[in-house]
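Below is one structure; the comments refer to it alone.
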Amino acid sequence: MSITFDRASNLFQLNTKSTSYLIGIADDQYIGHIYYGRKLDNCQGCYELLRTEERPFVPSKNQRDKSAFGDCFPYEYSTVGVGDYRESCLSVRTPQGHRVCELVYTGHEIFDGKPELPGLPSVFAKEGDQAQTLEITCEDAQIGLKAVLRYSVFEDADAVVRSVLLENTGSGPLYIERVLSACMDLDDESFEMLTLTGSWGRERHITKCPLTYGKHAASSTRGCSSHQEHPFAALVTPGTTQDTGEVYAMHFVYSGNFLALCQKSQHDSVRMVMGIHPEGFEWVLKPGATFQAPEVVCVYSDQGLGKMSHTFHDLYRGHLIRSPYLHKKRPVLINNWEATYFDFDADKLVEIAKDAKEAGIEMLVMDDGWFGRRNRDDRSLGDWTVNEEKLPGGLSAMVERVRGEGLAFGIWFEPEMVSPDSDLYRAHPDWAIQVPGRTPAQSRAQYVLDLSRPEVVDYVYACVAGILRSADISYVKWDMNRQFTDLGSMALLPEHQGELAHRYILGVYELQERLITEFPDLLLENCASGGGRFDPGMFYYSPQIWCSDDTDAVERLAIQEGTALLYPLSCIGAHVSACPNHIVGRNTPFATRGNVALAGTFGYELDITRLSADEKEQVRQQVELYHRYNHLVQEGVYYRIASWQENHLYDCWEVAAEDKSEAAVTYVQVLSGVNVRSRKIRLKGLDEGALYRLEGTDQVYSGQVLMYGGVLVKMEEGDFVSRVMHFVRV
Ligand code: GLA
């Protein structure tokens with residue numbers, strides 16, 4: 001049993017393979033957090049950690065200081081108005097305008113498996129998995145609110161997944177102003193807060209700051225999880241490395257506005273919360289209605305960031321990504337965006353396809369510009385009809401020509417948007433998100449479609465599905481290129497306007513669910529101006545997401561390092577592009593661009609017809625490398641060996657087979673140096689007692705030497721030089 005309840009001590013114990021999560025009920029009413037950490041085989045004495053025997057004591061012993069109790073009790077789920085002045089998870093307004101809410105324990109249920117969350121992405125359990133769920137019910141009878149705190153325990157995957165369901169049990173409406181999904185109160189251990197931050201073209205850089213008194217947040221109110229911040233936070237003990245230190249992490253399975261906040265309080269306790277961002281949010285809960293908040297994955301590691309990464313990778317590969325492509329080799333693709341931008345026609349694409357085929361590339365993806373009058377980025381979004389001037393004979397003729405060259409065909413859509421200059425907008429101006437009487441701000445000359453409206457969702461689906469039904473299309477790149485402003489729906493009643501951002505995301509999820517249901521063999525890649533909606537929510541629908549519009553091999557080192565902190569490499573869309581790089585103008589060796597892109601889904605984003613014979617030969621060799629190493633990238637165990645972000649000289653990562661039979665190590669010397677000797681690179685995850693040959697040489701090393709001594713890597717002349725070393729057990 002992963003979950004047990006001891007009635008005598010009012011204690012819930014949730015166990016995974018190597019962690020325990022303990023919850024206690026104080027005064028038979030208040031649900032408190034006791035412990036999250038290393039697995040405890042025996043919990044004797046742990047109830048004391050709730051501190052109910054210390055001042056200010058529980059209300060049954062000291063009613064006169066109940067508010068002081070509220071301000072220090074480690075609530076499993078905090079609410080407003082009862083003395084807990086720390087960050088709250090729940091704020092509900094009554095029709096009378098009050099917000100006071102006190103949730104007290106009324107019951108619980110423990111059962112096998114894990115329920116899905118209707119309309120939302122969620123981590124799932126498979127038959128035979130050791131997943132169990134605890135639902136603790138608590139209520140505020142005064143306002144007629146029931147909350148179900150749900151904890152699903154994935155014993156083997158070592159994670160606890162939390163969510164909250166609210167139900168209006170009263171006779172009048174309730175207005176939910178804030179409903180976060182998880183809360184955890186810990187004692188301060190001089191934590192640092194680790195987040196992933198960035199910008200367009202610079203997504204998910206690892207950022208650490210000391211957690212001092214006050215509140216520190218990562219958040220998005222942009223309508224998507226965003227390039228700028230990531231729905232993730234971790235508290236780490238000082239000096240945490242890849243292999244040592246304690247890590248408490250939360251990751252939100254959601255793609256819209258979020259808040260991840262850590263607070264150090266007056267009592268030196270630390271609270272970490274995560275959920276839908278309350279700014280602009282309000283949900284009307286009618287009598288009898290329920291609201292399901294999205295879920296948060298909680299991971300604890302006592303062996304540094306490496307173990308945390310492995311837990312997330314395994315959980316997402318085993319229990320989140322549903323695509324049949326998860327364990328399939330993805331086709332090596334070539335995308336024409338950076339090759340042609342809007343300036344292409346069928347003949348140009350076929351030219352690219354021919355050369356691509358010769359180099360071993362397997363799929364051509366036709367990016368933006370194939371529909372309506374889309375010869376520039378300021379028009380035609382929403383008009384999903386093929387531009388026959390560019391593609392004479394229509395889409396099926398185009399696809400046939402590319403297939404005739406021996407390549408599969410993929411296509412780009414940006415279905416959630418509308419250009420002001422489009423037939424769709426002229427016909428349905430009210431379908432754009434806007435506030436009546438205000439001209440909405442454009443971004444990339446486009447508006448956001450109001451996906452809270454079922455008729456808009458239906459229209460969008462009909463467009464995308466109609467195109468897919470019309471030709472033999474193997475892959476879709478689903479893009480989303482602007483963030484929200486002017487939040488207003490022309491269809492929602494005034495009291496429901498605060499629901500728009502969440503209803504929008506539910507609309508996106510519905511669209512993608514319909515798509516993968518009707519086209520189960522489709523390879524779906526999500527994208528949002530690069531990695532602007534790269535989050536666990538979207539991975540429920542697509543096995544890979546375009547990681548960043550910045551394809552420069554050096555910029556990608558930090559982006560891919562931060563991304564791989566949480567996501568398996570097989571999720572990370574990575575391509576080789578031309579130099580000078582279109583975004584940063586940097587020249588890097590072709591081989592290094594390949595080696596960096598090989599740590600992802602792999603493909604090309606350039607005009608192959610313009611490459612020199614030597615570069616074309618390199619493409620052929622890179623495709624060979626892809627076939628040689630992809631099983632490791634896809635299924636192997638990822639180890640971060642060194643970070644250029646930290647040492648400012650070189651980057652290094654490894655993917656090892658789970659059975660330790662082989663490992664591929666990528667080393668990138670970002671900057672050369674003067675009078676620097678060779679460097680020892682220590683590998684991980686090998687068999688100590690085995691011998692390994694470095695492929696392409698006669699050099700044989702023991703696993704122990706590779707792991708504890710290291711392998712020597714020579715300093716090379718020049719910047720951005722890289723190599724992949726493949727060690728195979730002999
Ligand atoms: C976004 C994507 C790019 C490309 C363009 C097309 O920026 O991230 O890869 O598809 O849109 O407009």
Side-chain angles (χ1 to χ4, degrees), residues 198-204 222-228 255 333-344 348-349 352 363-384 387 390 409-422 442-449 464 467 473 475-483 508 523-535 538 542 544-552 555-556 559-560 563 571-578 581-584 593 597 600-607:
S199 174
W200 171 78
R202 187 163 37 81
E203 297 89 336
R204 291 175 297 286
R222 296 168 185 269
C224 56
S225 44
S226 91
H227 306 83
Q228 288 74 11
S255 312
L333 67 82
I334 186 158
N335 176 303
N336 75 308
W337 178 240
E338 288 194 26
T340 65
Y341 296 100
F342 294 105
D343 185 16
F344 67 89
K348 177 69 202 172
L349 295 182
I352 293 177
M363 181 161 74
L364 177 101
V365 175
M366 179 172 69
D367 209 279
D368 194 357
W370 56 266
F371 52 92
R373 295 177 300 107
R374 183 88 170 162
N375 295 322
R376 301 165 33 158
D377 67 4
D378 62 356
R379 61 195 60 170
S380 296
L381 288 174
D383 298 343
W384 299 105
N387 178 340
K390 282 182 174 173
F409 190 87
I411 195 168
W412 177 96
F413 285 100
E414 193 178 355
E416 301 166 51
M417 299 291 154
V418 61
S419 307
D421 181 4
S422 66
Q442 295 184 18
S443 174
R444 208 192 189 202
Q446 60 199 57
Y447 294 143
V448 185
L449 283 172
V464 176
I467 291 286
I473 295 171
Y475 160 108
V476 162
K477 176 174 170 188
W478 179 301
D479 208 343
M480 190 278 192
N481 280 324
R482 72 155 287 180
Q483 302 180 337
V508 173
L523 173 56
L524 179 62
E525 174 155 357
N526 270 293
C527 171
S529 298
R533 207 166 56 188
F534 198 112
D535 57 64
M538 298 314 289
S542 64
Q544 59 196 56
I545 300 181
W546 184 227
C547 181
S548 177
D549 276 348
D550 194 336
T551 47
D552 171 66
E555 288 293 307
R556 276 288 183 129
I559 297 171
Q560 293 181 194
T563 307
C571 292
I572 300 175
H575 296 166
V576 177
S577 63
N581 179 269
H582 291 195
I583 289 179
V584 294
R593 283 176 262 158
T601 55
F602 197 66
Y604 291 83
E605 190 93 10
L606 43 69
D607 186 348

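What you see is a predicted model; the values in this text were computed from it and never measured. Every number for a ligand or one of its atoms is a count from 1 in the order of the listing.
- Side-chain atoms of Arg533 and Ser225, non-hydrogen and from C-beta on, do get closer than 4.5 Å to each other.
- Looking only at side-chain heavy atoms (C-beta outward), Met538 and Val508 come within less than 4.5 Å of each other.
- With sequence neighbours excluded, no residue satisfies side-chain contact (heavy atoms from CB on, under 4.5 Å) with Asp343.
- Residues satisfying the ring-ring contact (aromatic ring centres under 6.0 Å, His included) criterion with Trp478, sequence neighbours excluded, are absent altogether.
- Note that Arg556 lies in the cation-pi zone of Trp546, set by a 6.0 Å cut-off to the ring centre and a 45° limit from the axis.
- Here Tyr447 pairs with Tyr425 under the ring-ring contact (aromatic ring centres under 6.0 Å, His included) rule; sequence neighbours left out.
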Pairs under 3.5 angstrom, nitrogen or oxygen on both sides, ligand 1 versus protein: list them out, please.
residue  : atom   : partner : partner atom : Å
ligand 1 : 7 (O)  : Asp549  : OD2          : 3.0
ligand 1 : 8 (O)  : Gly530  : N            : 2.9
ligand 1 : 8 (O)  : Asp549  : OD1          : 2.5
ligand 1 : 8 (O)  : Asp549  : OD2          : 3.1
ligand 1 : 9 (O)  : Lys477  : NZ           : 2.7
ligand 1 : 9 (O)  : Asp549  : OD1          : 3.4
ligand 1 : 10 (O) : Asp367  : OD1          : 2.7
ligand 1 : 10 (O) : Asp367  : OD2          : 3.3
ligand 1 : 10 (O) : Trp412  : NE1          : 3.0
ligand 1 : 10 (O) : Lys477  : NZ           : 3.0
ligand 1 : 10 (O) : Asp479  : OD2          : 3.3
ligand 1 : 11 (O) : Asp479  : OD2          : 2.9
ligand 1 : 11 (O) : Asn481  : ND2          : 3.1
ligand 1 : 12 (O) : Asp368  : OD2          : 2.6
ligand 1 : 12 (O) : Arg444  : NH1          : 2.9
ligand 1 : 12 (O) : Arg444  : NH2          : 3.0

